[in-house]
Amino acid sequence: MTAISIRALRKTYQNGLEALKGIDLEVEAGDFFALLGPNGAGKSTTIGILSSLVNKTSGQVSIFGHDLDRDKEAAKRCIGLVPQEVNFNQFEKVMSIVVNQAGYYGIRRQEATRRAEECLRQLSLWDKRDTVSRNLSGGMKRRLMIARALVHTPKLLILDEPTAGVDLEIRRSMWEFLRKINKEGTTIILTTHYLEEAENLCRHIAIINHGRIVEHSRMDDLLARL
Ligand code: ADP
Ligand code: ADP
């Protein structure tokens with residue numbers, strides 16, 4: 001099954017900047033996929049379009065068979081997004097951040113509470129459920145972002161520069177967690193500008209530069225050629 005299919009995708013921002021100049025990309029279900037590229041290459045724009053936060057200019061995108069133009073709500077439900085910057089309400093408690101996120105997907109309160117507990121336990125945050133989120137450590141905030149993204153059991157988890165500015169110990173424990181949920185069946189796409197991160201985690205890689213895909217291959221094939 002195809003998790004993501006992107007055809008001739010273009011994005012020109014209102015100021016005329018062409019961030020994506022015709023991208024084609026396929027990601028298989030179950031894959032662990034890296035989108036690698038320097039700052040300004042178009043990584044955030046691409047995942048913004050995948051998660052319906054940014055409108056595309058032209059091209060076709062489908063997510064687990066749901067076309068973004070015809071079936072946006074179904075496409076959105078397939079995706080959990082972990083943005084680069086902490087963007088939850090810093091004055092809200094941990095548990096309510098995750099429960100409320102479930103509410104956005106129309107999950108009923110009782111089920112939302114059950115799912116939130118499961119996600120918080122998985123990310124070792126259950127003890128912190130009543131903590132106001134601004135009092136969490138940096139590593140805990142990152143884990144909360146992941147817990148929140150998983151509450152509606154998405155088939156695809158997208159992480160934007162997941163370990164930017166994160167120390168080695170936290171990075172390693174995040175890697176371990178991502179490997180585990182990928183093994184359990186969640187498709188994962190991450191953006192990074194570190195080849196090392198991609199190399200450690202991902203089976204396939206696409207390299208994007210100036211709004212174009214310049215390389216798309218298996219990670220081991222790419223490494224063999226370097
Ligand atoms: P869209 O086409 O998706 O509606 P816009 O072109 O309206 O996006 O851009 C959203 C806002 O971000 C605008 O106010 C734009 O000026 C601003 N912006 C401009 N350049 C950048 C940039 N390099 N990075 C982030 N935001 C930018
Ligand atoms: P990356 O995530 O690889 O760093 P982005 O997708 O954020 O790249 O940006 C791609 C290009 O689009 C950059 O030149 C960036 O400045 C520009 N850009 C991003 N957001 C906006 C926006 N809202 N308005 C105008 N230009 C933008």
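Remember, it's 1-based here, ligands and their atoms both numbered in the order they're listed. By convention here, the first residue in the shown sequence is residue 1.
At a heavy-atom distance under 4.0 Å, atoms from both the backbone and the side chain of T45 approach ligand 2.
For R172 and W175, the positive end is not near the middle of the six-membered ring at less than 6.0 Å and at most 45° from its axis.
Distance alone, capped at 3.5 Å, places no donor-acceptor pair between the N209 side chain and the P38 backbone. Counting only distance, with no hydrogens or angles, the side chain of N100 and the backbone of S96 share a donor-acceptor pair below 3.5 Å.
When the side chain to side chain contact (heavy atoms under 4.5 Å, CB included) test is applied to R77, the partners found at least two apart in sequence or on another chain are E73, A74, Y105. Scanning for salt bridge (Lys or Arg N to Asp or Glu O under 4.0 Å) contacts around K56 gives D69, with sequence neighbours left out.
Nearest residue to atom 7 (O) of ligand 2 from G37, S44, A19, G211 is S44 (criterion: closest heavy atom).
Set against the non-hydrogen atoms of N39, the atoms of ligand 2 under 4.0 Å away are 4 (O). Heavy-atom proximity to N15, at under 4.0 Å, picks out these atoms of ligand 2: 25 (C), 26 (N). Near P38, with a cut-off below 4.0 Å to any heavy atom, the atoms of ligand 2 are 3 (O). Remark: ligand 2 atoms within the under-4.0 Å shell around heavy atoms of A41 are 1 (P), 3 (O), 8 (O). Ligand-side atoms of ligand 2 in range of L17: 11 (C), 12 (O), 14 (O), 17 (C), range being under 4.0 angstrom from any heavy atom.
Ligand 2 is never approached by G48 to a heavy-atom distance shorter than 4.0 Å.
Residue T46 places no N or O, backbone or side chain, under 3.5 Å from any N or O of ligand 2.
Using a cutoff of 4.0 Å between basic side-chain nitrogens and carboxylate oxygens, E176 and K180 are not scored as salt-bridged.
T113 and E111 form no side-chain donor-acceptor contact under 3.5 Å, judged by distance and modelled atom types alone.
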